[in-house]
2 protein chains.
Amino acid sequence: MSNPTLRQISMLELIPRAPRKTYAKKLKAQLSDRGYDVDERTIQRDLVSLERVLPLICDARDKPYGWSWAETGLGIQAPAMDPIEALTMSLAHQYLEPLMPSASFNRINIFFKRANETLKESSPKLINRWRNRVRVLPELLRFKKPKLNKDVEQALYKAAFEGLQIKALYRKRGESQSSLRLIHPMGLVMKGSINYLICMMDEDPDQPRYLPLHRFERVEILDLPVHEPKNFNLDEFTHTNNLSYEYSKNLYTFKALFDYTAAAHLIETPLNSSQKTKRLEDGRLLVSARMTDTLQFEQWLMSFGSDVEVLAPGKLRNKFKILAKELIKKYDD
Amino acid sequence: MSNPTLRQISMLELIPRAPRKTYAKKLKAQLSDRGYDVDERTIQRDLVSLERVLPLICDARDKPYGWSWAETGLGIQAPAMDPIEALTMSLAHQYLEPLMPSASFNRINIFFKRANETLKESSPKLINRWRNRVRVLPELLRFKKPKLNKDVEQALYKAAFEGLQIKALYRKRGESQSSLRLIHPMGLVMKGSINYLICMMDEDPDQPRYLPLHRFERVEILDLPVHEPKNFNLDEFTHTNNLSYEYSKNLYTFKALFDYTAAAHLIETPLNSSQKTKRLEDGRLLVSARMTDTLQFEQWLMSFGSDVEVLAPGKLRNKFKILAKELIKKYDD
DNA sequence: ATATGAAGCGACAGATTATGTCGCTATGAA
DNA sequence: TTCATAGCGACATAATCTGTCGCTTCATAT
């Protein structure tokens, strides 16, 4: 344990990225916990010597000096990402980019940057080819993402994680002015391009609410633990508040006829493992499966337009009957 | 540069994760390139001394010994992930899990594992709370993901990245037997839960094809560069092959009336920056925007069922008219 | 069976480094 | 001014690092 290498590696792992910083004394304590009991002087010397060869920054404006990794520096990573891992990371990057709020996404960009570094090093010429040759295609329409303040986002995550009350400037839907509120964060829900804070508000201490993060203007974390209803259950909350789409936990046996080309993909990516398909003589595809009763599923069915005919359950077929009639009413002029 | 710490860190960064391995001699050469010119004996000694304190594995069955990081070991990472970064990573994890092919996803799991490690350390009690209090909700129906062989996937990525021909056992849609083919990989397209290899096949050397990865049974990478059509353009290919949904690059001015509650989210997450909304006296929401002509957009509109009435363009309104008539035909019995 | 070569390992010695200690200095707060 | 805190230079000693060399082992070629 008296190995200077290992101690220095541990120390490097303890130094945060700028703008956060740490101090010799703190490092001494942390290293001591890990079994490296050395003089503070040694740590100072280590820091200075590592600073010469790594992107470390010493903020010497105040004493004690604050040490951090340069914001853009690449740091250390071992073991090396292998090229396939790196490719997969660059894919993950493409998957996430349109989905995550950009403030969050930027925050972890450094990991994807490192993946690209790896690729660049292993085959500098191929990386451009890869970029031109890989696409993650959207499955559905992409909406504009609401703008989200980075500090606000960070504070809300932190408060939700640590279970601390916040004082926040929040603008209600439709209102142009935001007002100061005391809020007890209880959870986060990401849905499409909108993130919601699930919380209790002091003005109505019985009913949990969901507030889109982008309507927060300023957030201050208080040092008070949140008060929340006993036995609060996030899943239950999202269901009863139409954040997730389940109508009920009811299962029914679904049956429908699809246009073959429109639904051929179901053969390889079935709705679930209960699905059965059969191609009929008229070319159409008969699909049946046990499904839970969700709005989402109905929307998905409707998106097929006239390429689907629902057979069962009767209730669902009926909904489509009504739909047909209402559409005729709208368009038959 | 004669600092043993830095040399050892560099060395650790050069050691791959098991089952891949590296050798003392190779390390000597690589370190020499980086300016650390030391004897091979020194490297051997470093390896042995680091093995005692880090999850390194020495495969001593053959000589030269093969060195690697233990498959499950956590490795080194500096600078420290800050807690917010770690939270964001754990979010990214939730976003990706249902989207990525699981073979890929497992491959980069180690990064998310590390994020959890960070959280566990900073607030061991809160991590469970976080798990219970954060949800990424699906925007659309999730299908079962086709099973994908890990080695096959890895080989196809590699071949696509490096532009090498492959010999593969591929099963055509509908066929139960797979057959051996010579294939020239040109790109990858991820769409929903299916990944496609874009490639030329020797049996038809003019027309690029797209083959779902899960229909490959075995892949062998050859050491021959791919032959591909001149000026191949992936985006063009996906458009003309219905992988991406664009009908044309045509823009039109879209106008429709939405049920207010069904479409209220458009106010905060507009279709694009050209969108304008207006609430009418009857409560409905008039939405207009410049849109490109895509199947996807039409499907999205249809998924609203009778909660939308398309006004313009006339062509699109007409499509809905026809839809209404066809639905009536199907359901009016 | 023998020769050959490659790789690992122990030993050694000299050079280098690492470390704790101490005292001095600079800085800001009381 | 005094006091406390940190940083820093110096120093002596212990610990280490490193290149070298020769021995051993093992697999392969002859």
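Reminder, nothing fancy here: chain letters follow the sequence lines and each chain counts from 1. Remember, it's a predicted structure, so these values are computed and weren't measured experimentally.
The existence of a salt bridge linking B:D59 and B:K21 is confirmed by a sub-4.0 Å separation between a basic side-chain nitrogen and an acidic carboxylate oxygen.
Applying the 3.5 Å distance criterion, the base of C:dG20 shares a donor-acceptor pair with the side chain of A:R45. Below the 3.5 angstrom threshold, one finds a donor paired with an acceptor across the side chain of B:R41 and the base of C:dG10.
Of the two residues contacting DNA chain D, namely A:P64 and B:Q8, the nearest-nucleotide position lying further toward the 5' end is that of A:P64.
The CG atom of A:L31 sits 16 Å away from the C1' atom of C:dG20 (whole-angstrom rounding). Put simply, NZ on B:K21 is 15 Å from C1' on C:dA7, counting in whole angstrom units. What separates NZ of B:K25 from C1' of C:dG5 is a distance of 10 Å, to the nearest Å. Rounded to whole Å, the distance from CG on A:D39 to P on C:dC22 is 10 Å. Between the P atom of C:dA7 and the CD atom of B:Q44 lies a distance of 10 Å, rounded to the nearest Å. Protein atom CG of A:L47 is 13 Å distant from nucleotide atom P of C:dT19, rounded to whole Å. Going from atom CG of A:L27 over to atom P of D:dG7 covers 11 Å, rounded to whole Å. Protein atom CG of B:D46 is 6 Å distant from nucleotide atom P of D:dT18, rounded to whole Å.
Contact annotation: B:Y65 side-chain N/O to C:dC9 OP1/OP2 distance is under 4.0 Å. The phosphate of C:dG20 (OP1 or OP2) has a side-chain N or O of A:T42 nearer than 4.0 angstrom.
The number of heavy atoms from other shown groups lying within 6.0 Å of CD (B:Q177) does not exceed 12.
Remark: aromatic rings of A:H93 and A:F111 are distant, center separation not under 6.0 Å.
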One pair to check against side-chain contact (heavy atoms from CB on, under 4.5 Å): A:F216 and A:L148. What are the steps and the verdict?
CA-CA 8 Å; A:F216 283 85; A:L148 190 52; over 6 Å; no
